Asker: 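Please read through the structure below; I'll follow up with questions.
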Protein chains: 2
Amino acid sequence: MTPSTERGGRRTRRVTLADVARKARVDKAVVSRVVNNDPLLNIRPETRARVVAALKELDYRPNVAARSLRTARAGTVGLFIPDFANPVYAEIITGAETAAATRGCALMVGSSTVGDGRAQTYLDLLGQGRVDGLLLAGGAITDEEQATLADRALPWLFVNRRGGGGRHVILDDGLAARMAVEHLLELGHRRIAHVGGPTGADTAHRRREGYVEALRAGGLEEDPRLIVGGTYGPGGGAQAVGRLLEAPEPPTAIFVANVSSAIGVLSALRAHGLSVPEEVSVVAVHDLPLAEHLIPPLTTVRMPLRALGARATELLLTVPPDRPVEEVVRDPIELVVRQSTAPPR
Amino acid sequence: MTPSTERGGRRTRRVTLADVARKARVDKAVVSRVVNNDPLLNIRPETRARVVAALKELDYRPNVAARSLRTARAGTVGLFIPDFANPVYAEIITGAETAAATRGCALMVGSSTVGDGRAQTYLDLLGQGRVDGLLLAGGAITDEEQATLADRALPWLFVNRRGGGGRHVILDDGLAARMAVEHLLELGHRRIAHVGGPTGADTAHRRREGYVEALRAGGLEEDPRLIVGGTYGPGGGAQAVGRLLEAPEPPTAIFVANVSSAIGVLSALRAHGLSVPEEVSVVAVHDLPLAEHLIPPLTTVRMPLRALGARATELLLTVPPDRPVEEVVRDPIELVVRQSTAPPR
DNA sequence: CTGAAAGCGCTTACAG
DNA sequence: CTGAAAGCGCTTACAG
């Protein structure tokens with residue numbers, strides 16, 4: 001008998017290993033090994049056939065809770081992000097989800113928009129044994145939270161930010177910044193400003209370093225008045241432009257640490273009557289589908305965010321939790337030249 | 001002894017109910033009832049105090065797998081979406097996450113970007129008992145998938161789209177469309193075009209209906225040449241504008257079914273040398289932080305997407321799975337007038 | 001080549 | 001007011 005269901009999914013009695021074993025006239029241990037493809041199982045072909053047939057006929061699906069209890073493995077990876085609305089995390093999630101699925105694991109994503117926003121609250125919700133490990137992407141993790149984490153006997157890994165006592169996976173944000181700035185230098189720009197990310201954000205820190213390095217490699221000295229911080233959102237970008245234009249000698253080009261900020265940068269420049277790229281060039285880190293539909297289409301540096309999410313998941317699941325991980329994912333970083341950058345006039 | 005940990009979270013022996021019971025000199029059944037706040041538990045204050053102290057001292061955290069196995073409840077809600085990169089789903093997720101947490105449940109979000117993209121693949125990954133119910137947001141669910149779903153003895157609910165045999169929660173997309181079009185009518189527009197969503201998307205269907213209704217209520221007849229479909233992305237919006245401008249008498253205003261499309265609409269209008277709002281007004285459904293930073297700042301209709309996600313979660317967890325649910329979430333829909341709409345000249 | 005048994009950590013109905 | 005026992009559904013080391 002297959003379980004019957006009704007509208008909305010009425011819950012009927014589950015099919016268990018014992019049901020399958022009875023039907024196939026074997027012990028449930030045998031069924032278990034067949035289900036899990038136990039390589040050590042030596043079974044007669046006709047017995048296996050009976051088991052497989054019963055499995056199929058009853059539409060057996062293992063009970064995750066029972067399996068987890070027995071094996072002490074959840075088959076689930078946790079991922080904690082600041083905000084689902086940030087498209088950067090969307091890409092990381094997608095990469096992590098795919099990598100987890102490849103290993104037969106589910107992914108459980110939580111954001112700090114819930115409750116008081118602390119990683120701790122998310123941890124409490126996870127309880128004990130809901131996930132086998134935790135990826136912590138971006139955002140600010142306080143020392144207290146890191147201590148709590150340490151108490152949980154749970155493997156973790158920082159993603160897109162350094163930390164975790166030498167357990168992190170990042171991208172080469174310095175290189176991304178240098179590629180952006182070198183592009184501006186090659187176009188002939190000499191007064192290149194930087195709209196950075198929020199103080200304390202590790203990616204912001206590394207992009208700013210890359211900006212300074214590229215300037216110096218080009219024989220220029222950085223000008224503190226041309227470096228302004230912000231948030232990683234459009235509002236922060238718009239505000240930053242306001243401060244930038246107060247400088248006595250305004251820049252001819254702006255390197256923006258984040259594409260969302262750049263949307264605000266573009267609109268603020270226009271509001272100040274400056275045309276892009278004729279009067280000011282703009283280039284930003286991270287590409288998005290909408291970048292080519294901005295006015296003007298935005299030159300960006302595309303980062304391998306999916307690869308980052310995928311690699312982090314793999315490492316979390318394979319590297320022993322007491323071993324350090326400090327990896328820079330080396331998938332290609334690509335300059336996407338559109339119409340927001342041009343030689344200075 | 002509290003469990004010791006090392007870098008990366010070395011796994012140490014877990015604290016179980018039995019450990020706590022031993023320390024508090026009671027049976028583990030008592031500890032269990034204290035942990036779960038059993039209202040029927042009659043316990044001497046000093047006994048409770050001993051239990052609470054032991055709980056705290058050992059930092060006890062219930063094993064989720066054991067509890068799930070025993071109670072046949074996962075304490076987790078599943079949510080299946082087409083794509084994490086779509087900001088509309090980000091809002092729904094956030095609402096669902098908060099509502100789930102309020103009920104002590106975790107949320108497990110999966111997207112169709114994994115594997116072959118079918119809901120079925122996600123269901124297989126979920127296995128048996130990983131979630132207590134499933135929210136299916138947007139996207140296309142085939143009949144085959146709906147049949148599979150019915151076989152799973154799992155309560156489900158469609159979110160933001162009708163379906164599921166009378167199990168869905170939606171917003172009043174018709175009203176949103178009428179508000180947008182009425183705004184254009186009040187400004188004096190008479191040739192109002194519609195850039196719709198993808199064929200088969202239920203929200204697209206209802207927004208288009210609202211558009212037609214509003215036109216007729218304003219004494220106008222819809223013109224098929226002014227109705228073009230598209231995707232819910234910038235590329236679709238841009239293409240749609242191209243087709244719209246082939247009409248002998250181009251529109252003076254465009255109602256766009258989705259804010260992401262509208263980004264493409266704005267850039268395509270500019271590419272065709274048409275200024276917004278002087279020559280063409282644009283209004284779109286869904287508000288985003290970036291809307292006010294577009295060029296020009298975009299007039300939108302803000303939808304209560306968080307409330308939708310939250311309500312769907314509540315209904316999934318409370319309405320018996322064999323009862324129909326057909327709810328329209330009535331939280332306020334708001335017209336946000338910015339600078340992309342103006343009277344025709 | 002297959003079976004029987006133990007036990008993962010909980011909750012709950014029942015006994016006293 | 002508290003304890004003892006059964007059992008959720010699985011996996012695995014071991015027996016034969």
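Below, chain A is the first sequence line, B the second, and so on; all start at residue 1. If you're wondering where the values come from, they're calculated on a predicted model, not measured in any experiment.
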Asker: Report the distance from atom CG of A:Asp132 to atom OG of A:Ser68, rounding to the nearest 0.5 Å.
Answerer: 7.5 Å
Asker: Enumerate the residues from residues 43-55 of chain B whose closest heavy atom to DNA chain D is under 4.0 Å, giving them by residue number; use none for an empty result.
Answerer: B:Ile43, B:Arg44, B:Thr47
Asker: When rounded to the nearest 0.5 angstrom, what distance separates CG in B:Leu316 from CG in B:Leu157?
Answerer: 5.5 Å
Asker: Can you list the steps and then say if A:Glu91 with B:Phe84 is a side-chain contact (heavy atoms from CB on, under 4.5 Å)?
Answerer: CA-CA 8 Å; A:Glu91 288 247 26; B:Phe84 281 103; over 6 Å; no
Asker: Calculate, to the nearest 0.5 Å, the distance between atoms CZ and SG belonging to A:Arg73 and A:Cys105 respectively.
Answerer: 5.5 Å
Asker: Say whether B:Thr318 and B:Arg103, considering side chains only, have a donor N or O and an acceptor N or O under 3.5 Å apart.
Answerer: no
Asker: Rounded to the nearest 0.5 Å, what separates atom OH in A:Tyr60 from atom NZ in A:Lys23?
Answerer: 15.5 Å
Asker: Please state how far atom CG in B:Asp38 lies from atom P in C:dC10, giving the value in whole angstrom units.
Answerer: 16 Å
Asker: At 4.0 Å (heavy atoms only), tell me whether B:Asn36 reaches a base, stays on the sugar-phosphate, or touches nothing.
Answerer: sugar-phosphate
Asker: Taking only the side-chain nitrogens and oxygens of A:Thr71, find out if one of them lies under 4.0 Å from OP1 or OP2 of D:dT11.
Answerer: no
Asker: Counting Watson-Crick and G-U wobble pairs whose two distances are both under 3.5 Å, find the runs of 3 or more in a row that involve DNA chain C.
Answerer: C:1-3 with D:14-16, C:5-12 with D:5-12, C:14-16 with D:1-3
Asker: Whole Å only: how far is the CG atom of A:Leu41 from the P atom of D:dC14?
Answerer: 18 Å
Asker: Determine: side-chain N/O of A:Arg67 to OP1/OP2 of D:dG9, distance under 4.0 Å, yes or no.
Answerer: no
Asker: Does any non-hydrogen side-chain atom of A:Pro155 lie less than 4.5 Å from one of A:Arg323?
Answerer: no
Asker: Does a side-chain N or O from B:Asn63 land closer than 4.0 Å to OP1 or OP2 of C:dG9, or not?
Answerer: no
Asker: When you measure from the side-chain N and O atoms of A:Asn42 to the phosphate of C:dT2, is any distance below 4.0 Å, counting only OP1 and OP2?
Answerer: no
